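Fair warning: this is a prediction, and the values are worked out from it, not measured in the lab. All residue numbers refer to positions in the sequence shown, counting from 1.
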Amino acid sequence: MSAAEDLIAAGIRVVDEGLSPGTSGNISVRDGDRILLSGTGVSLGRMRAENIAVLDLDGRLLDGAKPSKEWPLHVAFYRRDDRHRAVVHVHSPSTVAVSCLEPWAEHSAVPPLTPYFVMRVGQTPLLPYRPPGDPGLGDDLRESPWELRAALLANHGSVLAGANLDEAVDRAVELEEACRITLLTTGLARRELDADAAAALARQWSSPWRTTLSAPRR
């Protein structure tokens with residue numbers, strides 16, 4: 001399939017997974033030196049070729065629809081690490097709820113309750129609140145000192161990257177589940193993975209999980 005067809009298929013899956021209420025959320029895929037991004041105001045499950053914006057790697061519109069106002073988040077992930085080839089930003093219920101709570105730790109707003117969260121997503125820091133569409137959202141993501149492939153945006157939602165659209169959507173699904181479990185166990189005497197267990201999983205699955213700072217890739 002073409003990059004545009006991949007993006008349309010991923011949009012349908014995001015909606016089918018219950019991650020994108022209404023016209024919320026946006027997704028993108030990197031295609032060489034271009035970014036194909038869902039346009040503004042379109043339901044991801046009903047996206048067509050004419051609803052896709054084509055940007056360069058600096059976020060300038062080259063062709064197509066008016067891009068989502070959250071385009072700085074997508075550009076930031078691609079600029080941060082060349083291994084990121086797809087980005088998903090959603091307002092799924094549990095991730096939004098956890099983004100409204102105080103973070104579990106500085107390096108991850110979400111605690112390591114299951115091995116799958118550590119394996120598939122990894123540490124997920126909470127970025128500061130900014131209004132939707134604020135270019136500073138992209139700056140915060142790009143300049144975060146933590147190694148990451150997912151982040152929560154305070155009082156807003158989540159943003160995740162992957163080597164392809166399937167991987168990025170898979171991570172969005174896993175993060176929503178991790179946040180749901182976090183909410184279900186909040187206030188209870190819950191048992192988290194200890195530091196050694198989380199570190200071992202991270203090493204085995206090449207997942208970011210550390211409590212030391214690392215400079216973002218440029």
Charged N-O contact under 4.0 Å between [X] and [Y]:
{"X": "R34", "Y": "D56", "result": "no"}
{"X": "R142", "Y": "D139", "result": "no"}
{"X": "R171", "Y": "D166", "result": "no"}
{"X": "D82", "Y": "R30", "result": "yes"}

For this session: Could you walk me through whether L57 and R79 pass the side-chain contact (heavy atoms from CB on, under 4.5 Å) test, one step at a time?
Result: CA-CA 8 Å; L57 293 178; R79 286 296 192 182; 3.7 Å; yes
Exercise. Only one of E174, E177, E176 forms a salt bridge (Lys or Arg N to Asp or Glu O under 4.0 Å) with R120, so which one is it?
Worked result: E174
Specify the closest pair of heavy atoms between [X] and [Y], including all atoms of both residues, with the distance to one decimal.
{"X": "L141", "Y": "L73", "value": "CD2-O, 3.5 Å"}
{"X": "L37", "Y": "N26", "value": "CD1-CB, 4.4 Å"}
{"X": "S158", "Y": "H89", "value": "O-ND1, 2.7 Å"}
{"X": "I12", "Y": "G45", "value": "CG1-O, 3.7 Å"}
{"X": "V110", "Y": "S108", "value": "O-OG, 2.7 Å"}

For this session: Answer yes or no: does atom CD of E50 have more than 12 heavy-atom neighbours from other residues, nucleotides or ligands under 6.0 Å?
Result: yes
Problem set entry | Within 6.0 angstrom of D58 CG, more than 12 heavy atoms from elsewhere | yes
For this session: Measure from the side-chain N and O atoms of T23 to the backbone N and O of V42, and report whether any donor-acceptor pair falls under 3.5 Å.
Result: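 Not confirmed, T23 side chain does not pair with V42 backbone.
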Problem set entry | Flag, side chain of E70 to backbone of G133, donor-acceptor distance under 3.5 Å | yes
Regarding [X] and [Y], do their side chains bring together a donor and an acceptor under 3.5 Å, going by distance alone?
{"X": "H74", "Y": "H84", "value": "no"}
{"X": "T182", "Y": "R190", "value": "no"}
{"X": "S99", "Y": "Y129", "value": "no"}
{"X": "R180", "Y": "S94", "value": "no"}
{"X": "W209", "Y": "E147", "value": "no"}

